[in-house]
Amino acid sequence: MTDLSHPIFARLYPRLDAGCARAGGDAHRAELLAGASGRALEVGAGHGANFAHYPPEVTEVVAVEPEPRLRAKADHAARRAPVSVTVRPGVAEDLDLDDASFDVAVASLVLCSVRDPVRALSELRRVLKPGGELRYYEHVRGTTPGKVRFQRFADVLWPFFAAGCHVSRPTGEWIAGAGFTVRTERRFDFPVPGRGNPASPHVLGVAVRD
């Protein structure tokens, strides 16, 4: 399956993301991609919000997006990108791509919503060259018992309204256990204050394929 249709979410998300961008999300995307080089794979590219931030050292971006309406918006964004971007259908758990064929893999606010994040990470590791980088920007499980309880409660309904997004996943732990060595990582709440937002805990980092 290469298409996953979420028509309401696909209409709303670009507007919501625009607000996040103004609040600091654009700076996070720029930080995520700073220093990237070579051939890059981006899974769950959405409407192409990252494309403008790829540095010129990136020779090509293959962007995979399963939602057809978001993919159409990503196609439009690709035409304005500063680097070569090809947008194609697909899901992170089953990448129709060669082994060890990318220098960089990018997961940006997507591992929360894939159906099998552990399998998706295995696929990302497979298509990366040895020593290749996984660059990730995700919202994740909180660090306090109260926040975790809040997130688990929210996850009863949150995925139905947010295209399968789960707010309580320990994504950072899964990355570290999936054949990657975490090189840099920082955790923060976004937007701030994020006390009433179950999706506020974020992680941004770079891990290297072992």
Side-chain angles (χ1 to χ4, degrees), residues 1-10 13 32-33 36 38-51 54 58-75 77-78 81 84-141 155 158-160 162-182 203 205-210:
M1 180 184 295
T2 57
D3 274 357
L4 297 173
S5 181
H6 300 286
I8 296 174
F9 178 80
Y13 181 68
L32 172 71
L33 296 170
R39 189 172 188 236
L41 165 69
E42 181 174 341
V43 291
H47 62 296
N50 282 331
F51 295 170
Y54 278 94
V58 171
T59 57
E60 178 192 11
V61 178
V62 175
V64 174
E65 172 52 50
E67 212 295 320
R69 295 159 191 85
L70 290 175
R71 191 166 65 242
K73 293 180 183 294
D75 268 323
S84 174
V85 180
T86 302
V87 180
R88 56 188 290 178
V91 294
E93 300 96 321
D94 188 15
L95 296 170
D96 184 19
L97 298 164
D98 293 337
D99 294 357
S101 56
F102 290 90
D103 303 289
V104 180
V106 178
S108 175
L109 304 176
V110 64
L111 294 174
C112 56
S113 60
V114 297
R115 293 179 177 180
D116 188 341
V118 173
R119 180 174 172 180
L121 286 166
S122 176
E123 279 288 270
L124 290 172
R125 185 182 183 280
R126 178 184 66 79
V127 301
L128 275 172
K129 297 175 183 178
E133 294 180 336
L134 171 63
R135 289 171 174 256
Y136 54 99
Y137 168 41
E138 300 284 341
H139 56 76
V140 292
R141 181 181 295 175
D155 264 348
W158 190 278
F160 294 99
C165 171
H166 295 74
V167 295
S168 64
R169 288 181 170 176
T171 303
E173 296 174 22
W174 288 339
I175 290 170
F180 293 97
T181 297
V182 176
V203 63
V206 178
V208 177
R209 178 192 161 173
D210 295 339

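Keep in mind that what you see is a predicted model, and the values were worked out from it rather than measured. All residue numbers in this chain count up from 1 along the given sequence. Below, each value reflects all heavy atoms present in this structure, side chains not excepted, and no hydrogens, waters or symmetry copies.
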Less than 4.5 Å apart, any side-chain heavy atom of [X] and any of [Y]?
X: E65; Y: P89; answer: no
X: L95; Y: L41; answer: yes
X: R209; Y: P130; answer: yes
X: R169; Y: P117; answer: yes

Reported [atom1]-to-[atom2] distance for the pair [X] and [Y], which is rounded to 0.5 angstrom:
X: L111; Y: W174; atom1: CG; atom2: CH2; answer: 9.0 Å
X: S84; Y: Y54; atom1: OG; atom2: OH; answer: 12.0 Å
X: D75; Y: L70; atom1: CG; atom2: CG; answer: 11.5 Å
X: L109; Y: C165; atom1: CG; atom2: SG; answer: 8.5 Å
X: C112; Y: R141; atom1: SG; atom2: CZ; answer: 14.0 Å
X: L128; Y: E133; atom1: CG; atom2: CD; answer: 9.0 Å

Between the side chain of [X] and the main-chain N/O of [Y], is any donor-acceptor distance below 3.5 Å?
X: D116; Y: R119; result: yes
X: D99; Y: V127; result: no
X: R125; Y: D210; result: yes
X: R115; Y: E93; result: no
X: E138; Y: V110; result: yes
X: R135; Y: L32; result: yes
X: E42; Y: V106; result: no

When you check the gap from the basic side-chain N to the acidic O, do D103 and R39 get nearer than 4.0 Å?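 Answer for the salt bridge query: no.
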Give a yes or no on whether a salt bridge exists between E67 and R69, defined as a side-chain N under 4.0 angstrom from a carboxylate O.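 Yes, charged N to carboxylate O under 4.0 Å.
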Show your working on side-chain contact (heavy atoms from CB on, under 4.5 Å) between F51 and V87 and close with a plain yes or no. CA-CA 11 Å; F51 295 170; V87 180; 4.1 Å; yes
Restricting to non-hydrogen atoms, name the atom on [X] and the atom on [Y] that form the minimum distance, rounded to 0.1 Å.
X: A77; Y: G48; result: CB-O, 4.0 Å
X: F180; Y: L121; result: CE1-O, 3.9 Å
X: V208; Y: G131; result: CG1-O, 3.4 Å

Audit row: V62, F102, side-chain contact (heavy atoms from CB on, under 4.5 Å) steps and yes/no: CA-CA 9 Å; V62 175; F102 290 90; 3.8 Å; yes
Is it true that, when you exclude D96 itself, more than 12 heavy atoms of the residues, nucleotides or ligands shown sit nearer than 6.0 Å to its CG?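 No, because the 6.0 Å sphere around CG of D96 holds 12 heavy atoms or fewer from other groups.
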Between I175 and Y136, does the side-chain contact (heavy atoms from CB on, under 4.5 Å) criterion hold? Intermediate values first, please. CA-CA 9 Å; I175 290 170; Y136 54 99; 3.5 Å; yes
Working for side-chain contact (heavy atoms from CB on, under 4.5 Å), residues V61 and T86: CA-CA 6 Å; V61 178; T86 302; over 6 Å; no
